[in-house]
Structures are given as structure tokens and as C-alpha cells.
K.L.:
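Please find one structure pasted underneath; my questions will follow.
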Amino acid sequence: MWESLNLKDVVALARDPYPSIRQWSRDTGKKVVGSTIADVPEEVVYAFDLLPVTILGTHKPLKKAPSHLPDNACSLARSNLELALSYEGDLFSGFVLPQVCDTTQHLSDIWRINFPDKYVESYLAPRQADRPSAHYWVKEEIERLISSLGKWTGKQLSNDALNRSIALHNENKKLLAEFYDIKRNNPGTLTNKQFFALLKVSQQVDKAEFNKSLKAIKDGLKLKKGKGYTDVVLVGITCDPPEIFDIFDDLKVNIVGDTLVTGTRYVQGVAAMNGDPVQALTDRHFTRGFFSPIHDNVYKNFEEVKKLYYGTKSQAVVYVHIEFCESQEYDLPDLKNMIKQEGIPIHVLDTEYQTTSLSHVLTRAQAFFESLKGGSL
Amino acid sequence: MSEKLSSKQLSRKITDEYMEDAFHARENGKLVGYTTAISPVEIFVAHDIVPIYPENHAVANLTAKKGVELCSVVESMGYTSHLCAYARSDLGYRKTGVTVTKGIPEPDLFLACNAQCFTLTKWFQVLARRGDLPVFVFDTPEHILNKDARKEIVKYCVLQLKELISWLEKVTKRKFDYDRLAEVMKYSAASSILYKKFLDMAQYKPSPISIFDALIGMAIAVYRRGTQECVDYYQTLCDEIQAKVDQGIGVLPRDQEKYRLYWENLPVWFKFSDHAKLLGSYGGVILTSLYVHAWSLDFDLNKDPLETLAENYVNRFSNSTIEDRADMAMELFKKYSMNSMIMFMNRSCKAVSFAVPTLKDILTKRTGIPALVFESDMGDQRFYAESQVRTRIEAYFETLDRLGLAQKLT
Ligand code: SF4
Ligand code: SF4
């Protein structure tokens, strides 16, 4: 079902993957397990013959979520909850919900209470990443997830099955990295929207099938340099709605690097194939880039941004702020100052899931990129 | 021999001495450690680090209605208006020096425990960046329902406490004294028992204390845990309240105490006494909340101190599941014979408030008592609608009266 998609199909799928996932689940008889973002080892879920799907909000209106989570909860959390409560809940047989901030902690509880008949497990990601105890804890949580899924499915997980799953996920990430290289150097080949759709869909469908599409799409690409592009680095957690990428595309902005959890941080999750899959999954947690709720050091984020900016010879940094994400909001003023002091032009995009009109984003982005071209920043 | 001090005098004396010690810490070769109100501060005390709680200082400023002034400054620095008012007012104080107290000494290091909230970790990180100071995050994963997972969580936390101790040894270049920790734990355990005894006096009818007494009375438990004077203070306080009980003295006279209320969340600090008066005029006394019970720690001195510390700090209400919070609240409902509840949606505190809608549903169902829900902010007056709150309170008591929920008065 997902092995012979073209780019256009992928973009459409990224907009609303759920009918397709529902169909796939019916056809294959396999169960679907949802996760919100942040480091749930999807390889483990997949190895149990389940389909791990990263839930990334809904564009449909909020109906039930506001009575569970007030309007100063981040829009991603509310949107995810709405998706499960009103629209796609039936599709999922279970959920593995990571916790990294106060919002996600409550979200897990609310989710569990609202879905008493489904499998709901928490994945307690460590909220510190620099000490040996964090390594101990990630490993423990992966092992706990394995045993919990084992109990639920009545299956025993073998190292072989987990290694096969890791290999498949690694292959997906390597393919995505190749796409990124192509896009970085030949922006005329692939739009931002197309590229980020490949990334998004990779987090939502069966990689055994989708990797085939990725290979075919890649082989069929005709490299085009294109002209007049402004290279930028995208910084943040997620970037939604996808129409934001249309704005970048219209403005001929080429995203050449990013720190998104749903972007590069996902691609960075290649795990070593060294025979000890749990250890490999544990280790890779610590090789991924900065993520505000679990890394305590904004300097690290700044260093990463700087490295990306200079490494890619970018012209600006665009920071994607998710409305009401307090993790970002405590970091941003200092990060912004550091970036400005470095002389790097920065533009902050305020985003909200469920946004219907992006005209304000467009106007502000237009003004920023025009002045960038005019050299007045 | 000098006369025995009252709890109020004792509280003042302990606080003055503590702040004096804090302001002169460096002269005396001690370091100042900022920490979160719910954190294993016993480790600091045992290692002679003077613990300072920016939250307490924030409370003083917010109670004195400095919230808007301080928060506005911070918003002009690029921080959003919906971050916790403690953090905003504190960052405002750093910028302007405005405070209604003498302020607090600058930190040397930070201990952020997320059993309370994630906000404090981020806020401390902001402060640490100002001086490139070290922060230790004591990560307490949610105390989820799974019993086996809980054991693992405690193990993870014990490992971290060992890391904390090594970190402190490195920063201070001094060996940690486990015997001293054992002594500190004894004080902490004793004062926690007395503190809980004090809170539990609210079960008497009429109640000799309201939550407002509890909120004032909790201060010493927050910042002087692990000391002899903390034990002495709660002993004195308990004796005083017991005397009231013996004489039948209540916050409201016995024949006027109609509604014994549960309060969810932190208080609206700048409305603190107004609320007490207003509710009193309807025969209502707020008795307790999970919040004030956060320091009713229950240390087991027969265990390894690090283990009992870990167990206690991970299972605080703020780090518990909504199901567990509901059970904890239900226990209070029964114990204190409460017949009404106010559920405050505090915009400042996501850590507590995001549980409130679900908790309200569970508690109203389990108790059969309607709840008054209102949204505002504990410290930022811009989010407080005076007339709306008054009308809602009035309407709530009318409903309770209509439902015949008032306590039978004698
Ligand atoms: S880290 Fe931010 S975006 Fe993610 S769930 Fe928490 S508040 Fe929302
Ligand atoms: S009020 Fe809430 S968010 Fe603010 S510091 Fe306290 S627990 Fe954290």
C-alpha cells in the first residue's frame, strides 16, 4: 500500500494519513499503536508486529480537548488529544506516551483515563541527559516497554526481531538523510513541503513498504540546482501546519538544516547494529541533538545552531515557536540574544496547530526575507 | 529563664536567623544553593549548603500585589505572559531589584527537582545562565500506577541522589558526611509528622485552622526541613492549636461553620485574606488542599536515607497520576468531613492545573458534591476578575444550600 507512492501521494498522505493507515490495518490485520513525539523507541513497537504511528496533531476543529486541557496548554498537546478523542481514536489499539514536560505528563494521565479499554503505556524519558543515571534509565525504560508490550501482545521479543526492526528503521533514516543532502544542494529538485512530507510519513507508516517508495522516488529525482534560493536553518520542535512549508517554498527559502524533533533529530536516531539492540537503542538516545525539555543547556542548542548555520553557509535562522510551549519559552529569549549577538539573522515564527489562516505568518516572513535580501538585518 | 515563644514569634525568629545566615553564607565559607520547594533539601542541609527557595520570595512579592509590576518587566524581555508568575516575578526582581522583603542572596548552584514541576527546572536554567552556574536536575519520573515501575523509579532516583552527592563534593571540595545526613533525616522525619498533625487538626469541628493558617504555617516546613528548630516550631504550633481545640475555638464559631471546603491548587496569593473573609461570610471555611500536604513527608528512618528520600519525593501529589491525586483528595474529604470544594484553575501553574478538569470530574462523581471551578492566576492580578469570582462564589453557596449540603449546625 505504501511501497509505490510518488511525491505527490506522499504530500497528500502527510496531510491526512489516517484513512490510509486505517485501510492498511484492516488489510493486514495488524494493530496500530500511537505515540506522541519525543523519543519513544518505535523500533521496539514495530518489532512486536505492531505499527508505531507518531501522532502529530489534527487540522480538524477542537471539540473535546478544551474541556480536558485548558487553552494555555501547548497547541500540540491539545491537538493530539483531540485527534484521539474525536477523530481517530478507534484506529489505535494502544498508545505509548512519552513524558518530557508537565504537559505530556498530564496528557498521559488524561489519555489513560479516557481510553480505559485500550493499551496505554507511559514512556518516562529522562529529563536530564548528561549523567550515567540517564543511560541506566533509558535502558530500563526500553526494557520495561518490551516487557509491557510482551504482556499485552502475549509475545516474546527476540533480539533478532528487534535487530531486524532496527535495520529497517535505520535504512529509512539513511534514505531520509540522502534526500536531505539532495535538497540541500539542489533545492530545485524537491520542495520543503515535499521533503518534510517524506519525513512525516516516515514516522507514520510501515517502513518495510515506505522505504521502497523512498528508494524509487530518490532514483527518479532529476537534480535541479534552481536559482535565487535563500538557505536557512530551522530551529524548534515541530513545524506545523504543513502550509508553512508552502510559505517557505513561495519565498524560495531552502531549509538546509534543522533541529526539529520531527526533522533532523529523528534522522539522527540511527542505532548501531552491534548485536545488543537494547543497548544500541539506549546509546542512540544520547547522540541525538538538543531537545529543550531533556537537555539542560541552551548553549548546546546555540552551538548546534551555529554549527549548522556556518556548516551549511546559511543566511538566516528561523525559530519555530509552538504557542504555549513553555519549554521553548524559557529558552528562547536567551537563545535569540545569543544568535543575534553572533550576528546571525533570526526570525521567530509563532505557530499553532489548528491554525486556519497563515496570513500573519506570511506577511512577517515576507518582510523578514525581503529585508534579508536587502541586507538590512 | 526566658518565656516560651509563641509559634508566630518562633517563626519570625527562625526566618530572621535563616535569612541572616543566608546573606552571610559566603563570609562563613558556605555556599547558597537555590532549590525547589519539593526537593531532597536534606542533602543540602547535611552538606551545609544554605538552601534558598526563589518561590518563597516570589510568594512574598505576589502576596503584596507586586505581580503585575514585576511580570510586565519580564514580558518586555521577551518572556511570554503565561509562564508561572513565580518565575516571571523572580526574573523581574533580578532585573529591577524590586521586592517587598530584603530580597534573597544570589546563588552559587542549583538543585531542580521536577517532582514539583518542569517550570522550575527551566526557570533555574535561565538564572544559571546569568552566571554560568552549575545546575543539578533531580529527575523524578511520574509516580505511575505500575508497582514494579515504581520500584525502578526509586532505584533511578537513588542513583541520582548519589550523583548529587558526588556533584556537591566536587563543587564544594568537601566530603559528604552520611552521619550528618542521618541526623538531618531525624529532624526532617520528626517535623514532617508534626506538620501533618498540625494540618490534620482541621478535622475537628469546628475546625481550629483554615487553609490560610496552613499556608502560613507551612513556610517553616518548606525552608527549614532537617533542623531542630523546625521540629520545635511544629511542636509549639501543634500545642497552640490543640489548646484551641480543647476550648472549642474554631475559625468560625461552631454554630456558623456550615461548609467545610476542599481547595484544589495553590492559593490566589494576592486575594488570600479577602477569600477567607468572603467565604467566612457564607459560613465556609477552606480546610485543606493537596498542595499544603506536599510537605507531609513520611520518612522511614529504618531505611537507607537515600531510599526513603527518593520514595518520598517521587510520590508527592504533584508527581502523582490524576488517579492517585483523586485518591489522596478523597482521603482528605473523608478525614476532614468536607462537604464542598473549590477547584482553582491557576494559569500560572500548569503542573497542578492541567489535572484539575479531570480531577474535578472524578471528585464530583465520587463525592456527589458539586464543585466551584474558577480560572485565574495565583499572582498576576490581570487574570483576576473580582466581580465574576464573587458572583460565582455566591451562586455556589446558594446551590449548596439548595441541595441541603450544609452541615447540621448545633
Ligand atoms: S515540550 Fe512543548 S510542545 Fe512538547 S508537549 Fe511539552 S509543551 Fe508541548
Ligand atoms: S506554581 Fe506551579 S509551575 Fe510555578 S513553580 Fe510552583 S509548581 Fe512550578
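Chain letters run A, B, ... following the sequence lines, proteins first and then strands; every chain starts at 1.
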K.L.:
Check whether any side-chain heavy atom of Tyr79(B) sits under 4.5 Å from a side-chain heavy atom of Glu329(A), and report yes or no.
P.N.:
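The answer is no; the side chains never approach within 4.5 Å.
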K.L.:
For a side-chain contact (heavy atoms from CB on, under 4.5 Å) check, start with the C-alpha distance between Tyr330(A) and Thr119(B), then their side-chain angles and the critical distance, and finish with the verdict.
P.N.:
CA-CA 8 Å; Tyr330(A) 279 104; Thr119(B) 277; 3.2 Å; yes
K.L.:
So, Glu142(B) versus Ser122(A): side-chain donor-acceptor pair below 3.5 Å or not?
P.N.:
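Ser122(A) and Glu142(B) do not have a side-chain donor-acceptor pair below 3.5 Å.
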K.L.:
Thinking salt bridges, do Arg112(A) and Glu323(B) make one under a 4.0 Å N-O criterion?
P.N.:
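Glu323(B) and Arg112(A): salt-bridged.
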K.L.:
Check this for me: does any side-chain nitrogen of one of Asp102(A) and Lys122(B) sit under 4.0 Å from a carboxylate oxygen of the other?
P.N.:
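Not counted as a salt bridge, because no side-chain N and carboxylate O are separated by less than 4.0 Å.
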K.L.:
Between Arg325(B) and chain A, which part of the residue has a heavy atom less than 4.5 Å away: side chain, backbone, both or neither?
P.N.:
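Contact with chain A is through the side chain of Arg325(B) alone.
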K.L.:
Given heavy-atom pairs under 4.5 angstrom as the criterion, report whether the side chain, backbone, both or neither of Asp71(A) touches chain B.
P.N.:
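The side chain, not the backbone.
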K.L.:
When you measure from the side chain of Lys350(B) to the backbone of Asn72(A), do you find a donor-acceptor pair of N or O atoms at a distance under 3.5 Å?
P.N.:
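It does hold such a pair.
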K.L.:
Look up atom SG in Cys117(B) and atom CD in Glu326(A), then write down how far apart they are to the nearest 0.5 Å.
P.N.:
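Output value for this atom pair is 7.5 Å.
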K.L.:
Who passes side-chain hydrogen bond (donor to acceptor under 3.5 Å, both in side chains) against Asp334(A), sequence neighbours left out?
P.N.:
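Once residues adjacent in sequence are excluded, the partners of Asp334(A) under the side-chain hydrogen bond (donor to acceptor under 3.5 Å, both in side chains) criterion are Arg129(B).
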K.L.:
Non-hydrogen atoms of chain B under 4.5 Å away: do they reach the side chain of Ser327(A), the backbone, both or neither?
P.N.:
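When you check distances to chain B, atoms from both the backbone and side chain of Ser327(A) fall under 4.5 Å.
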K.L.:
Are the side chain of His106(A) and the backbone of Ala351(B) linked by a donor-acceptor contact shorter than 3.5 Å?
P.N.:
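Yes: the side chain of His106(A) pairs with the backbone of Ala351(B).
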K.L.:
For a quick check under 3.5 Å, do Gln160(B) and Ser133(A) share a side-chain donor-acceptor pair by atom type?
P.N.:
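Distance-only check fails for Gln160(B) and Ser133(A).
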K.L.:
Can Asn319(B) and Gln105(A) be counted as having a side-chain donor-acceptor contact under 3.5 angstrom?
P.N.:
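There is such a pair between these side chains.
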K.L.:
Is the closest side-chain donor-acceptor distance between Tyr136(A) and Glu152(B) under 3.5 Å?
P.N.:
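Yes, side-chain donor-acceptor contact under 3.5 Å.
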K.L.:
Please determine whether a side-chain nitrogen of the Lys or Arg among Arg127(A) and Asp139(B) lies less than 4.0 Å from a carboxylate oxygen of the Asp or Glu.
P.N.:
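So Arg127(A) pairs with Asp139(B) through a salt bridge.
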K.L.:
Is Ser318(B) close to chain A through its backbone or its side chain, or both, or neither, when contacts mean heavy atoms under 4.5 Å?
P.N.:
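Only the backbone of Ser318(B) comes within 4.5 Å of chain A.
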